[in-house]
Each structure stands twice: as structure tokens, then as C-alpha cells.
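One structure is given here, and the rest of the page talks about it.
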Amino acid sequence: MSKLILIDGNSIAYRAFFALPLLSNSSGLHTNALYGFTTMLLKLLEEQKPTHFLIAFDAGKVTFRHTQYAEYKGGRSKTPPELSEQFPVLKDLIRSFGIAQYEQEGYEADDIIGTLTRLADESGDMEVIVVSGDKDMLQLASDKVKIAITRKGISEVELHDPALIKEKYGLVPKQIIDLKGLMGDTSDNIPGIPGVGEKTALKLLHEYETVEGVLSHADELKGKMKEKVVEHADSARMSKELATIFRNMPLEKTWDELVYQGYDGPTLGTMFRKLEFKSLLEKMDFSGSEGAGDLPPKADIQTVEVDDNRVDELVAVLPQVTALHIEVVGDNPHHGEIIGLALLAGDTCYYVPFALVQQGEASAKLRDWLETADKSVAVYDQHRAEIALAWAGIHLRGVSFDALLAGYLLDPTESALWLSGLAAKYGLPTLPADEEVFGKGAKFKVPETAILSEHLCRKVTAIQGLIEPMKRDLESNEMHQLFYELELPLAGVLASMEKKGIQVDTAALKQYGAELGAEIERIVNAIYEAAGTEFNLNSPKQLGEILFEKLQLPPVKKTKTGYSTDAEVLEKLEPHHPVIGHILLYRTLAKLQSTYVEGLLKEVRPETGKVHTYYKQTIAATGRLSSQYPNLQNIPIRLEEGRKIRKVFVPSQPGWSILTADYSQIELRVLAHISQDERLMEAFVNNMDIHTKTAMDVFGVAESEVDSNMRRQAKAVNFGIVYGISDYGLSQNLNITRKDAAAFIEQYFAVFQGVRKYMDDIVQKAREDGYVTTLLQRRRYLPEIKASNFNLRSFAERTAMNTPIQGTAADIIKLAMVQMDERLKKEKLRSRMLLQVHDELVFEVPEDEIETMKVLVPQVMESALKLDVPLKADVDSGLNWYEAK
DNA sequence: TATCTCACG
DNA sequence: ACGTACGTGAGATAG
């Protein structure tokens, strides 16, 4: 009996590339997608021992019927993979495995698989396993054909035979087509019958067997269901047809060509080295291949579960501890529960339940040890651990290395900075993802002690294993100083700001909410009246129908799913109908109410009336911080109505004040410094209004001739410059034609020639190096700068221009924060730093320190980093955040 | 969970 | 011809 493995290449490649977080190696290849594919192949070869093997692709193109690829174009959470450039590598990989590949003009992978499985069914001496991510394939199952459907990306498969399909769905394989016919499949653009999901479809099929059966018995159905079935009968028939896999294509391959003879070790080894699959290279030992990885020997780690009786044993080895892991559950460490600690000393890992740390005299020494600065331990995510420990009254100190922070600096766009991901990247022993051990989200569960201690010990061992290689990488990227003198100390500064929190006047906030509520109600009624009907104003879909169908207003632009109703569109429609103004006002007020009144109130601690934001130090690709739970970096200010919210942020003690200090034009000053543009530098050296100065130079007029419109346009150009200018972007912003925008830009560059040179040079440099850096050597890789796709490449070019500017500004304020923290301590001031908003710092200060702080804060901020132009910080204070403007 | 919208620098 | 300004987080809807 022969055994054939048939892989649906398009569906599996789709899952490998899109369902996983994206990792790239040094050549910009998405290694984890390729790695996933590789481990799947290895597993199949080992477990199934196939005699025949084929991977089928859609003909001649990398197309997925799924919509996700298009979404990457506009997505901002992940960098779009240049799949067309990755795909050939995937094919090379398959070739180095010695596996046959097949595509045929005019046919899809489905058709190839459908036809081959039919032939196998007919011949009777060929057993087939079809591997796909697509449940459609289940229709092909038979005595001879089993269908493996991937789960969790592609790391696991579930093998379906007709019996399992019967068990799961109560259907025979052929009825899968009928199932799709009734329920449809959005990802495949199969409509089915609207409103019929899997549950209903199965019920109908159990009763009537096929789509035709259901349709001919439609009169037996009841109510809504009957209407839908009758109305969409044609859609159901067509959907069934679409879901049916074609099984009769003319095949140009013979069985002989599918015979699998195994892979050639050296060939596969070379491929793995190219892809930097270090752990696989080590594990598989390709004889005849050269240059095995330089991985540290795997230490055999002993696990000790510490209980009351064994605390002394642990205390005795504390001086030898080199790595520490503190497991904090949940997304928000301010609410986080610590479930356990793992300490690594030599080749022994000690697991300590956190309850043991919190109470009892025996563990007082352990607490002292956590708090002593006189130690040097490595951790993963010091910031998070420090917050959680602070709430338990323990002040963590003595952290000398943080694997998360190091991973972020080495690649700030990396989304897989999980410890398990870092371990894999550095070829350390595989580590289960936290999700696998704990579950995720609300379903979070603490596993039994044996499993927990084992997992935490694996983690702390991984941390230990990461120290040396990551330090080497930081060193070779010249990010040593950035790491040790800026980011690592900053983690502690952030933790103390967050733990301190900021006081919220909840009574005033509720009062404001009540006023908003009354006004919103009035407006909603006015809108319903004008529209002649009630509808859900918060639904863009319903609003779109009212505006563009009922009221017949002209659609301005479309979104992927329908009419756009955003503020830009509504402003254009405002003259056409009086209701539009009301809707815009409603939007403003509703945002204030839901996000800033209700949302903020949910985050206030009832015991103290404070909110404690959580700054994430390892998210933003440019080096900025981000703020969550609540986000205090987007509190309204531009419109007076929203700005009032700032009145509820007050000092935590009577008689104190809120003091704010913000950098003036920090990004343009940074640009002046790095571009060394003469005119730009001159403007800042002479402390001129930069937008006025730009207007003077671009329009060639005297200062007295610059009107407000010229200044506004100059300001937009300056923003554009910082963002990585494009004529299209500027034209949108200024509402002018693209041609005029292009002329503006050209005029700007004619005057600010140093800026033009910087923009050209930085893009060129990014092309050569593959990355750009900030003044402090923070690095961002831009693999897509070489993409052939215009959009991807243009995006990378703008990023190359913007990141050094935005990133250096981030470096500077971070430096100021660390220095400010030191100064407050050194000068023994009672004032406290509370918030950072990208170019602004917020403090609370006692009355008698206001004058001191008004001098000290700007002084520290302005001298944080010496540039060739002066830095300027404006300071103000008041009874609340609103007054301190 | 994806999409749209909108708040900030 | 391509069709976006750079960087974030959060709330509501809809499927």
C-alpha cells in the first residue's frame, strides 16, 4: 500500500504567513512562517512516512481568495509582508526537501487535490492524507482519503476521516458542500443564505440531507426561516456549486513523478543555514554539512519547589542567583496577581509560590534580597514585575539585564517579543508559549504546581541563556549605552510614576458627564427628527444608509465595507443638510462621554480616587512610549469642549499644583540638528516662530507680510516634512490640488536645501544598511525599502525620513525623564513626576517648590542632550491639568 | 475579531 | 498607475 501526502500549498502558505505574528531574520525573510512550514513538513515525514508527496499551488500566481492580504496595505499593527518576494523562498525550501510541486494553468490547488484524491479512491491501493487549512476539503474524505485540517496557525493538525466528520457534524463528507451552500463562507465570498449559520445549516441538513432537499421542503419551515430560504434559494444553489471542488481536471503529472525519495541532508542543511534555523540545524545533524551553530551546551537544570521548610536552603544560595522571573498574570500589572517566582542559581532553579514571599519571617530575607540594589540579576520585563511587586509593597532593585527591553531595542518592530519567541530566535531549547500553559484572556488559569514550576523554571533558564547573546548583539549594534543608561533606568522611573498615579476629581467628572448626557440627549432627538426615523447613531452603517440613501446626500468616499461617514466626509456634506452639523456635534460629545468620562471613571481606583496608567516601553516602532489602562496620552486638548476634561486631573494633596513642561518644536529642532540645514538652524538659534519663518522663506516675503493663511500652510508643510512628505498627503491636509502641493514642496526644498539632502541621504542609507537610527543609536529595520511594490516601498521611505526625527525626540525626553528623576531625589524635592505625553512632562508640586521646579524642569529638559540648536521647554502650573497650559 | 471612527503628539 | 501623510489606544458595532 502506498501513501500520498497532498498539501494544499496556497491555504497552508496563507496560514503560515498571515495567521502568525511575523518575525524576520537578518535577510528580511519571515522566518517563523517558513519555520512553521518546515516543522510541519518534518513532522509529516516522520509520522506518516509517505511514499508519495505533492504540494499543489494555484497556477502561476500567489493569490489568496481571502481578503487579508489587501488589508495589510492599510494596516498599521503589522508591517506588510512582501509576500511575492517571500514566496520563491518557500518554493526553494520545498525543493530542498525533495518534494514535488505542481501547479497547472487555469486550475487551483483545490482542483489538483480533488482530482488526485478521486484517482486514489478509484485505484484502491493508494492511501492519501490531504493537508489544508480549509474545511472545504472535508468533502473529499473517504475510506482512502483523510483530511488534516491545521489549527493554531499551522503548528497542529486534526486528522479527519468520514467517521470523525460524522461525529462532529453528523454529515457524510459530500454533505460538506451542502453545508457551505447553506451557511456560505465569507472568506471565500460564498454568500449562502443570509442569517443561516453553522447551527441552523446542520439542523436543516440533518432533516433534509441536501440543499435541494431543504429547498423542496421549504414550505415545511416556519416564519423568518422559511422567508429566507425561499428568498435566497438561488443563492444557496449557486453557493453549493461554488463550494464543490472540481475533481476532473486533466492531470499532466503521473504517480511516478510524485514518488518521495527523502531529502538530501547537505542540501537541506544549506537551506536551513540560509534561513538561520539554528535549533533545527543542531537537532538534525546533517552529516557532511559544515558550520554547525555555536550554541551553548544545554544545561541540565534541576527544579526545586520551595516551601516553608526549604526557604533557608534558598536564602543560602541567593548570592549565586543570576536570573529571576516573576510571573504576573493579566494584561494590566496594576491589577496583576503575582503567581510565582523562579530563581536560577547555577544549575538549580528554585520555584517560589508568591504567597510564600508575602508572609512569614522565613521569607523576610527573600524580600530583602528582592529590594537590595546590591545584586545583579537578569529578568524578562522588569517594568511589569516592578509594578506588580510595588503593589505588594516590595520595591524591586538590582536588575542588570532585561531580555524584553533588549529584544525591543534589537528590533522595535518585532511583534513576537514573548520570551518563547526570543528563545526560539536565539536557538535556545524550545519554550511553550505562556498561552499554552495559562490559557489566554479571561480564561486564564493557574496550572497545578508541578506544571507551573516547570514552566517558570524553563522561562528563567531561557532568560539566563539570552543574556550573553543579546548583550553581544546590543554591543555590535552600538546600543549598549542606550540600553544600560537610558532604557533600563527608565523602566524603574516609569514604574514609580505609574505606581504614584494621578488624582482624579471623580465628582467633577461625573458632573461633567451628566451635563454631556443632557446635551447628547437633546441632539439625538433633533437628529432623529431631522432624519424622520430613529436609528443607531453609533453605527456607521446605519448612519450611511440614512444619509446617502434616505436623505440622498452625495457620497464623498467609500470604505472597504460601504459609505464612509468620518468627520472629513461630514464636513464636506455640512452645507447640504442641517442634520450634518448635529451629527458632528454628537460624535464629539459621544466620544467625550464614552471614552473620557465613562472610560476614565472605570479606571479610577475607588480607594484612592487615582488612575494608574501603564506605559508600554516596547511597543512603538520609533521608541516612543505608549499608554494604556487608561491612555493618558490622548486626553482632549484641541477643542475647548473636550479640553475641560483636563480640569478633573488634580494634585493628590491639598495646596499642591499641577506643573507641565513641554518641548517647543522638538521634532523640527531635531531635524535642524541632523540635517544641519542652515536656515532651519538659524531660525532656532534666533528663537523665531518656526512656521512664520518657514512662510517667509517659502513665499519669499518679509515677516510683516506673513498672513495667517500663509503661516497655516507653512505649518502644514513643516508637519509634512517631519512625516516624510508626499504631495498627496500634503494636498489632502491643505485641501489643495496635488499639483499645488508638489509646487509647495519643491519651493520648500529649494529654500531648505539641507533638509532635502537629509531626506535623500537617509532614504539612500536605509537602502544600503537596511535600517535607520536615531541620535542615540536606536535602530529600526526597513526591509520593505527594497520592495518592488510601490506602496510598500513608499511607506518605508517615509518611515526612513520620519523615524530618526520622531525617535530622536523620544530619546531626548526619555533622557530628560531619567535625569529629572535623579534630580528630584538628589535635591530632596517632594515634587513628583506623574505623566509623559511624548513632548510634555506633568508633575505635581507643593506650593513651596513651584518656583524651584519652574526653573529646574525646563533646565533639565533643555540640557538633556546637547544639539547644535537650542532645545526649548515651556513651563506652566495651575490647580489642575487644564489650568497648567 | 475585524472595522470604523476619533482622541492625542 | 500606484493611492498615504508619522506614531499610538479605545469604544462601539456587527457578524
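The sequence lines fix the lettering, A, B, ..., with proteins before strands; numbering per chain opens at 1. Please read these numbers as outputs of a predicted model, since none were measured by experiment.
- Between A:Lys814 and A:Glu487 there is a salt bridge, with a side-chain nitrogen of the basic residue lying less than 4.0 Å from a carboxylate oxygen of the acidic one.
- Ranking C:dT8, C:dC2, C:dA5 by closeness to the A:Ile725 side chain, first place goes to C:dA5.
- Here A:Asp839 lies in heavy-atom contact (under 4.0 Å) with sugar-phosphate atoms only.
- Among the atoms of the strands shown, base atoms are found under 4.0 Å from some heavy atom of A:Arg738.
- Listed by chain and residue number, A:Phe790, A:Arg798 satisfy the side-chain contact (heavy atoms from CB on, under 4.5 Å) test with A:Ser794 (two or more places apart in sequence, or in another chain).
- Between A:Asp811 and A:Thr808, the side chains place no donor N or O within less than 3.5 Å of an acceptor N or O (distance only, hydrogens not considered).
- Checked by atom type and distance alone, the side chain of A:Thr613 pairs as donor or acceptor with a backbone atom of A:Gln628 at under 3.5 Å.
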Which dot-bracket string describes DNA chain C (Watson-Crick N1-N3 plus N6-O4 or O6-N4, or G-U N1-O2 and O6-N3, all under 3.5 Å; [ ] crossing; | other strand)? .....|||||||||.
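- Proximity of A:Arg798 to the phosphate of C:dC6: a side-chain N or O atom is located under 4.0 Å from OP1 or OP2.
- The base of B:dT5 does not come close enough to the side chain of A:Arg587 for any donor and acceptor atom to sit less than 3.5 Å apart.
- Atoms CD (A:Glu545) and P (C:dA14) sit 9 Å apart, rounded to a whole Å.
- For C:dG9, the OP1/OP2 oxygens have no side-chain nitrogen or oxygen of A:Lys616 closer than 4.0 Å.
- Backbone-only engagement by A:Gln542 is indicated by non-hydrogen atom pairs under 4.0 Å involving sugar-phosphate atoms exclusively.
- Residues from residues 803-814 of chain A that place a heavy atom under 4.0 Å from any atom of DNA chain C, listed by number: A:Gln806.
- Stacking of the aromatic ring of A:Tyr723 onto the base of C:dC6 is found: the ring centres lie under 5.5 Å apart and the planes are inclined by under 30°.
- At C:dG7, one or more side-chain N or O atoms of A:Arg780 fall inside 4.0 Å of OP1 or OP2 (strictly under the cut-off).
- Nucleic acid contact for A:Gly599: sugar-phosphate only, since backbone atoms but no base atoms lie under 4.0 Å from a heavy atom of the residue.
- Across B:dT5 and C:dA5, the matching P atoms stand 13 Å from one another, rounded to whole Å.
- A donor-acceptor pair under 3.5 Å is formed between the side chain of A:Gln542 and the backbone N or O of A:Asn536.
- We find that CG of A:Asp331 is positioned 12 Å from P of C:dG9, with the value rounded to whole Å.
- Rounded to an integer number of Å, the gap from A:Glu568 CD to C:dA5 P is 10 Å.
- Separating the OH atom of A:Tyr615 from the P atom of C:dT8 is a distance of 16 Å, rounded to the nearest angstrom.
- Listed by chain and number, the residues in a ring-ring contact (aromatic ring centres under 6.0 Å, His included) with A:Tyr596 amount to none (sequence neighbours excluded).
- For A:Asp689, the side-chain contact (heavy atoms from CB on, under 4.5 Å) partners two or more places apart in sequence, or in a different chain, are A:His691, A:Thr692, A:Arg711.
- For C:dA14, one of the phosphate oxygens OP1 or OP2 lies less than 4.0 angstrom from a side-chain nitrogen or oxygen of A:Ser539.
- Only A:Gln633, A:Asn634, A:Ile635, A:Pro636, A:Ile637, A:Arg638, listed by number, bring a heavy atom of residues 625-638 of chain A to less than 4.0 angstrom from any atom of DNA chain B.
- Salt-bridge check for A:Lys557 with A:Glu568: passed, with a basic side-chain N closer than 4.0 Å to an acidic carboxylate O.
- Distance, A:Leu537 CG to B:dT5 P: 14 Å, rounded to whole Å.
- Checked against the 6.0 Å centroid criterion, the rings of A:Tyr882 and A:Phe649 do not qualify as a close aromatic pair.
- In this structure, A:Phe548 and A:Tyr563 have tilted ring planes: the angle between them lies in the 30° to 60° band.
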Got a list of side-chain donor-acceptor pairs under 3.5 Å for residues 721-736 of chain A, not counting sequence neighbours?
{"from": "A:Ser726", "atom 1": "OG", "to": "A:Gly729", "atom 2": "N", "distance (Å)": "3.0"}
{"from": "A:Ser731", "atom 1": "OG", "to": "A:Asp727", "atom 2": "O", "distance (Å)": "3.4"}
{"from": "A:Ser731", "atom 1": "OG", "to": "A:Tyr728", "atom 2": "O", "distance (Å)": "2.7"}

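- Judged purely by distance below 3.5 Å, without hydrogens or angles, the side chains of A:Tyr781 and A:Arg779 pair a donor atom with an acceptor atom.
- Residues meeting the side-chain contact (heavy atoms from CB on, under 4.5 Å) test with A:Asn631, sequence neighbours left out: A:Ser627, A:Gln633, A:Asn634.
- B:dC6 sits 27 Å from C:dC2 when the P atoms are compared, rounded to a whole Å.
- Considering only side-chain N and O atoms, A:Ser564 lies under 4.0 angstrom from the phosphate OP1 or OP2 of B:dT5.
- Near DNA chain B, meaning a heavy atom under 4.0 Å away, the residues from residues 589-598 of chain A are A:Lys591, A:Tyr596.
- One can place CZ of A:Arg793 at 16 Å from P of C:dA1, the figure rounded to the nearest angstrom.
- Residue pairs meeting the ring-ring contact (aromatic ring centres under 6.0 Å, His included) criterion with at least one member in residues 611-640 of chain A, sequence neighbours excluded, are A:His334-A:His612, A:His383-A:Tyr614, A:Trp391-A:His612.
- If you check distances only, the side chain of A:Ser726 does reach the base of C:dT4 with a donor-acceptor pair under 3.5 Å.
- Dashed line: the shortest gap from a side-chain N or O of A:Asn536 to OP1 or OP2 of C:dA12 is not under 4.0 Å.
- Scored by the side-chain contact (heavy atoms from CB on, under 4.5 Å) test, A:Glu515 finds A:Gln511, A:Tyr512 as partners (sequence neighbours excluded).
- Annotation: salt bridge (Lys or Arg N to Asp or Glu O under 4.0 Å) contacts involving residues 659-672 of chain A, sequence neighbours excluded, comprise A:Arg624-A:Glu667.
- Here B:dT5 presents its C1' atom at 13 Å from CD of A:Glu571, a figure rounded to the nearest Å.
- Within 4.0 Å (heavy atoms only), A:Ala716 reaches at least one base atom of the nucleic acid.
- One interatomic measurement links the two molecules: CG of A:Leu639 to P of B:dG9, which rounds to 11 Å at whole-angstrom precision.
- Residue A:Ser794 has no polar side-chain atom (N or O) positioned under 4.0 Å from OP1 or OP2 of C:dC2.
- Contacts of A:Val837 with the nucleic acid, taken as non-hydrogen atoms under 4.0 Å apart, involve only primed sugar atoms and P, OP1 or OP2.
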